[in-house]
Amino acid sequence: MLDIALFEPQIAPNTGNIIRLVANNGFRLHLIEPLGFDLDEKKLRRAGLDYADMAHVTVHSDYWSFKEKFQARRIIACTTKGSGSHAAMNYRPDDVLLFGAETHGLSPEVMADIAEENRVKIPMKHGSRSLNLSNAVAIISYEAWRQHDFLGADS
């Protein structure tokens, strides 16, 4: 199944919501440091409810150590600076969906490391800046999962 990675997430409740999301869709979650919160933070626990024990979460010290672990897999940057719609991408079962920090997105170095054809965005009305991170992760991850007929889901 696919993996979701959060690059330098800043807001604990967003990450908690995403922990709950991956517990329900079976994806694995990767957090790339530095984090803007402590993993034991009350807001993170509250948002993730009792789902943390059902989710597979790994922390990476930085983007480059994360990338080394996934060097044989396609990393898709999910960004407002994407070159095409998330719905037009043909997702592979071993893709890694990479999302930027709420406050600054993906760094220029990370963006330069990902091929333009592997950068997707969620269509929005002109003049809109971005969606909430946990909403964006839900939209794109469920599109990727839909393309694989919701493999592993209860019917």
Side-chain angles (χ1 to χ4, degrees), residues 1-60 63 66 70 74-108 110-111 114 116-154:
M1 190 46 65
L2 291 97
D3 288 84
I4 293 171
L6 305 181
F7 175 78
E8 301 179 357
Q10 301 296 303
I11 302 173
N14 282 338
T15 300
N17 288 338
I18 295 165
I19 288 171
R20 185 174 183 167
L21 177 83
V22 300
N24 282 286
N25 67 14
F27 290 27
R28 292 169 297 265
L29 179 61
H30 302 270
L31 305 177
I32 301 169
E33 294 181 318
L35 308 180
F37 51 85
D38 185 324
L39 286 174
D40 292 327
E41 191 168 317
K42 184 177 179 181
K43 291 177 185 176
L44 176 71
R45 290 193 316 273
R46 184 181 304 131
L49 297 173
D50 56 355
Y51 289 87
D53 60 335
M54 298 168 53
H56 185 272
V57 180
T58 304
V59 178
H60 303 269
Y63 174 75
F66 158 79
F70 292 100
R74 183 172 69 164
I75 297 174
I76 298 177
C78 304
T79 170
T80 58
K81 297 169 183 69
S83 55
S85 169
H86 76 288
M89 175 64 75
N90 291 316
Y91 298 96
R92 301 175 192 158
D94 65 342
D95 281 342
V96 181
L97 307 176
L98 175 64
F99 295 83
E102 297 92 337
T103 56
H104 57 271
L106 295 169
S107 71
V110 170
M111 287 294 286
I114 297 174
E116 190 172 331
E117 65 270 12
N118 292 335
R119 300 178 195 168
V120 299
K121 63 182 174 184
I122 298 169
M124 295 183 290
K125 289 177 65 172
H126 180 72
S128 296
R129 285 188 339 195
S130 65
L131 292 170
N132 172 277
L133 177 62
S134 60
N135 291 338
V137 172
I139 290 167
I140 296 177
S141 68
Y142 269 76
E143 171 57 23
W145 197 22
R146 181 198 65 78
Q147 289 184 17
H148 295 281
D149 297 320
F150 299 107
L151 182 65
D154 288 341

If you compare all heavy atoms of [X] against all heavy atoms of [Y], which two are closest, and at what distance to 0.1 Å?
| X | Y | value |
| --- | --- | --- |
| Thr80 | Ser130 | CG2-CB, 3.9 Å |
| Pro9 | Thr15 | CB-OG1, 3.6 Å |
| Ile32 | Ala5 | CD1-CB, 4.2 Å |
| Leu97 | Ile140 | CD1-CG2, 4.1 Å |
| Lys81 | Met111 | CB-CE, 4.0 Å |
| Asn90 | Arg74 | O-NH2, 2.8 Å |

Are the side chain of [X] and the backbone of [Y] linked by a donor-acceptor contact shorter than 3.5 Å?
| X | Y | value |
| --- | --- | --- |
| Gln10 | Thr103 | no |
| Tyr91 | Ser141 | no |
| Asn17 | Asn14 | no |

Inter-residue atom distance [X].[atom1] - [Y].[atom2], 0.5 Å rounding:
| X | Y | atom1 | atom2 | answer |
| --- | --- | --- | --- | --- |
| Phe7 | Leu31 | CZ | CG | 12.5 Å |
| Phe70 | Asp94 | CZ | CG | 10.0 Å |
| Ile76 | Glu117 | CD1 | CD | 10.5 Å |
| Ile18 | Ile4 | CD1 | CD1 | 7.0 Å |
| Ser85 | Lys121 | OG | NZ | 8.5 Å |

* **Residues which pass side chain to side chain donor-acceptor pair (under 3.5 Å) with Ser107, listed by chain and number, not counting sequence neighbours** =>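 By the side chain to side chain donor-acceptor pair (under 3.5 Å) rule, Ser107 matches Glu109.
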* To do: Name the orientation class of the two ring planes belonging to His60 and His30 (parallel below 30°, tilted from 30 to 60°, perpendicular beyond 60°).
  =>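 If you compare the ring of His60 with that of His30, the planes turn out tilted.
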* To do: Give me the ring orientation class for Trp145 and Tyr142: parallel if the planes are under 30° apart, tilted from 30 to 60°, perpendicular past 60°.
  =>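 Ring orientation of Trp145 relative to Tyr142: perpendicular.
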* Asked: Salt bridge between Glu116 and Arg119, side-chain N to carboxylate O under 4.0 Å?
  ->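 Looking at Glu116 and Arg119, the cut-off is not met.
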